[in-house]
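Structure first, then comments.
Values reported hereafter were calculated over all heavy atoms of this structure, with side chains retained and with hydrogens, waters and symmetry mates removed. In this text the structure is predicted, and so the values were computed from the model without any measurement.
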Amino acid sequence: MGDSCEQSLKRRRRADVLAVAAIGTLSALTIVGRQTGHFNLSRLILDVTVGLVACGLILVLGRRPVQGALALAVLAAISPAATPPSTVGTLTVAQRRPLKLAILVALAGIAGHLVQWIWRPTQGLSLLWYVILDVAVHAALLSWGQWTQARRALLDSLRERALRAETEQGRRVAEARALERTKMAREMHDVLAHRLSLLATYAGALEYRPDSAPEKLSQAAGVIRTGVHQALDELREVISVLRDSEIDELPGGRPQPTFADLRGLVEESREAGTQITYDEAVTAPESLPPATGRTAYRVVQEGLTNARKHAAGRPVSVRVDGRPGGSLEIVLTNPGGNGVPLTPGNGTGLVGLTERVQLAGGTLNHGRTRGEFRLHASLPWPA
């Protein structure tokens, strides 16, 4: 960083020296041209002195362009040697300052050159033509400088806009990735919580009924083994989703559940020992939108999972009804447990489920009423 700043400073100084040298050369040529044919030593000394001072003021234009340009306009009134530096001063102000201020500086330059012609008229050039040339040159310098300033402002605006757009695009991409990972993590939470609660139920049966028939113990152990393998696969997917690398789809590639899989979910919970009363009164279920059916599946899955965790061994009632043009209603009730959950939890499942239902345009209510836990979801079903 320090080396870069030092190199930039050196380049700026080198450019300033070259500019002073070039303008000094023009001033010298102006002095020579005005001295040809009628040599005057006093005027030559004056011109050389004014030229040197004017070239020195060029270095001031970078820090104080208005003051430097006005000083050069005064020097231009004294000697033509200051004309090249004065034009540079007018151009610099036009490039860096507002139009009104640049016009005032240009008028000062015009006035200075008019004074110069009055006491040192140019041979072969009338006052009228001198005024026309004087005004035309300063108007051209003013226009050029303002155009340069406007172009620079436009480029800076476009550059800033591009940078802002790039930053905004990066922010949107980051938010999209975070939202996608949140959705994936929520989906996997639903699956893992359901799977682990089933495993806990079977493990509890083995713990409290060690005198069961050997074939039942073997069946339970086989279910636990299969469930563990499935849970490990799902856990690997969760870890893959939460990594920093880009994920386009879940590694497992499993299809999303649909409303038609709801009965299979209920039967799976029944096989784990949960007493479930399932009542389905749905008209034309094949017309149910896939997203709505998937949300309904997750609602029932979370309800059964919570029932196993907080009220193990208690019966569960599930009622699903609805029709096209109305809504799909899901009501799940079960008696309250003993307050000791079968597996630990922090309540994030119901929070994520509420967000899922709201995104589908529905509502979700849950809580204890009259000694039982009630979960009610209402999902819109367009005709």
Co-membership, hydrophobic cluster, residues V93 and I110, 4.5 Å side-chain: no

Lys/Arg N to Asp/Glu carboxylate O, E160 vs R164, below 4.0 Å: yes

Backbone N/O of V88 and side chain of T92: donor-acceptor pair under 3.5 Å: yes

Minimal non-hydrogen separation, T258 against Y297, with atom names: O-CD1, 3.7 Å

Test item: Q116 side-chain N/O and I78 main-chain N/O as donor-acceptor pair under 3.5 Å: no

hydrophobic_cluster_shared for L107 and V131, side chain cutoff 4.5 Å: yes

Under-4.0 Å salt bridge between R294 and D261: no

CH2 on W119 to CG on L114, rounded to 0.5 Å: 15.0 Å

Gap separating the CG atom of L353 from the OG1 atom of T305, nearest 0.5 angstrom: 10.0 Å

Shortest non-hydrogen contact between A307 and V316, atoms and distance: CB-CG2, 3.7 Å

Donor-acceptor under 3.5 Å (R270 side chain, I276 main chain): yes

Between CG on residue L75 and CG on residue L52, distance to nearest 0.5 Å: 11.5 Å

No-hydrogen, no-angle side-chain donor-acceptor test under 3.5 Å, S269 and R308: yes

Backbone N/O of A94 and side chain of Q146: donor-acceptor pair under 3.5 Å: yes

pair T87-T90: side-chain heavy atoms closer than 4.5 Å: no

Rounded distance (nearest 0.5 Å) linking atom CG of L141 with atom CG of L91: 5.5 Å

same_hphob_cluster(L70, L59) at 4.5 Å side-chain heavy-atom cutoff: no

Please tabulate, for the side chains in residues 373-383, all donor-acceptor contacts under 3.5 angstrom to protein atoms that are two or more places apart in sequence or on a different chain.
unit_1 : atom_1 : unit_2 : atom_2 : d
H376   : NE2    : E329   : OE1    : 2.7
S378   : OG     : E329   : OE2    : 2.8

Interatomic distance, I45 atom CD1 to S79 atom OG [nearest 0.5 angstrom]: 12.5 Å

Gap separating the OH atom of Y278 from the CG atom of L332, nearest 0.5 angstrom: 11.0 Å

Distance-minimising heavy-atom pair for G68 and L61: C-CD2, 3.7 Å

Nearest heavy atoms of A106 and H138, plus distance in Å: O-CD2, 3.7 Å

Q149 versus R152, side-chain donor and acceptor atoms under 3.5 Å: no

R323, CZ atom: more than 12 neighbouring heavy atoms under 6.0 Å: no

